[in-house]
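So the structure is just underneath, and the comments pick up after that.
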Protein chains: 2
Amino acid sequence: MQKNPVQCQFVTALNSIVGKWKPIILYHLLQGKPLRFNELRRLLPDITQRMLTLHLREMEEEELVKRVIYPQIPPKVEYSITEYGMSLSPILEVLHQWGAAHVERKQFNKENNEQTETD
Amino acid sequence: MQKNPVQCQFVTALNSIVGKWKPIILYHLLQGKPLRFNELRRLLPDITQRMLTLHLREMEEEELVKRVIYPQIPPKVEYSITEYGMSLSPILEVLHQWGAAHVERKQFNKENNEQTETD
DNA sequence: TGGTATAGTATTAAAAAAGGTACTGTTACG
DNA sequence: CGTAACAGTACCTTTTTTAATACTATACCA
């Protein structure tokens, strides 16, 4: 594994939030309300069932997310954030703030690049 | 692209720091001292030349890192953090803190899993 | 009887990220 | 003359991540 202790800390933290959809899943669960599988799907219109399942399973294994099955038909499964998961909140927050501050810049750069490429 | 504005902010922020080696490269450059290519290699013993080049090029394009070539033989190229790159500092810091606080937990879980798998 | 809702799984394919190895040109050192 | 240091590039392979599509079981509703 990683020998460098500093790298190790980054890796540990990033593993918990990296994945195309993990930050938004966490963001929604951090609102506090438990969410059902299809509620999450509706909140993330572009995610496939498979990817949602995979990400939730991963986060469940990391104990960031709790999965509760209600033995009903039709099935009901609720996902909620754990206390451990809540500890990620400051990370999500700075990411969110930084992103908000710099989305414009990225946009600008992108448009600029597309223009200069035609020169 | 991402329709969801919240996701977009996360994506923007994460794109800048995600990449197996980007956080540590940034971490080292954030110390302030410009670093030469091979100085970075020595700081990241397991990275290949190729990956270091790729990551530096990407971060250069994003204006997180500045590349200065000194026309000498043997060649000398110095990499340093830009002001924009410095704005990532709070993100790196919370990640680092969270990681430091939770490396142990991960370690514990891992050992536990390895044990229970033999049951 | 057919359709809908739930929460998924299985299989395959495609795309993205990372890695491995060899190679470049120039100069200084011994 | 042989070798090392510098800062890479080229080419190819492997691994990881993400996506697309079809499929499952059960119950309720019309």
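We use all heavy atoms of the structure for the numbers below, so side chains are in, but hydrogens, waters and symmetry mates are not. Every chain is numbered from 1, with letters handed out A, B, ... down the list of sequences.
Checking dC6(D), dA19(D), dT6(C) against the side-chain heavy atoms of Arg42(A) singles out dT6(C) as nearest. Checking dG8(C), dA7(D), dT26(C) against the side-chain heavy atoms of Ile73(B) singles out dT26(C) as nearest. Taking only side-chain atoms of His55(B), from C-beta outward, the nucleotide of dA18(C), dA19(D), dG8(C) with the closest atom is dA18(C). Comparing dG8(C), dG20(C), dT6(C) by their nearest atom to the side chain of Arg57(A) picks out dG8(C).
What separates CD of Gln49(A) from P of dT11(C) is a distance of 17 Å, to the nearest Å. The separation between Lys76(B) atom NZ and dT27(C) atom P is 18 Å, rounded to whole Å. Straight-line distance from the CG atom of Leu52(B) to the P atom of dA17(C): 18 Å, rounded to whole Å. Atoms NZ (Lys22(A)) and C1' (dT18(D)) sit 13 Å apart, rounded to a whole Å. In this entry the distance linking CE of Met51(B) with C1' of dT21(C) reads 15 Å, nearest Å. Remark: P of dT26(D) and CD1 of Ile69(A) are 16 Å apart, rounded to the nearest angstrom. Whole-Å rounding puts the Trp21(B) CH2 to dA18(C) C1' distance at 10 Å. Rounded to whole Å, atom P of dT16(D) lies 20 Å from atom NZ of Lys20(A).
The residue Tyr70(A) sits apart from the nucleic acid: no heavy atom pair falls under 4.0 Å. Within the 4.0 angstrom heavy-atom criterion, only backbone atoms of the sugar-phosphate kind lie near Arg67(B); the bases stay farther away.
If you run side chain to side chain contact (heavy atoms under 4.5 Å, CB included) between Trp21(A) and each of Leu26(A), Ile47(A), Leu56(A), only Ile47(A) comes through.
In this structure, His28(A) NE2 and Ile81(A) CD1 are separated by 12.0 Å, a value rounded to the nearest 0.5 Å. Ile91(A) CD1 to Gln97(B) CD: the interatomic distance, rounded to the nearest 0.5 Å, is 9.5 Å.
With hydrogens and angles ignored, the 3.5 Å screen pairs a side-chain donor or acceptor of Glu39(B) with a backbone N or O of Arg36(B).
Each of Pro74(A) and Arg36(B) was matched to the nucleotide of DNA chain D holding its nearest heavy atom; the match closer to the 5' end belongs to Arg36(B).
Judged by atom type and distance alone, Arg50(B) reaches the base of dG20(C) through a side-chain donor-acceptor pair under 3.5 Å.
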Review item, side-chain donor-acceptor pairs of residues 64-75 of chain B, under 3.5 Å, at least two apart:
residue  : atom : partner  : partner atom : Å
Arg67(B) : NE   : Tyr79(B) : OH           : 3.2
Tyr70(B) : OH   : Glu78(B) : OE1          : 3.2

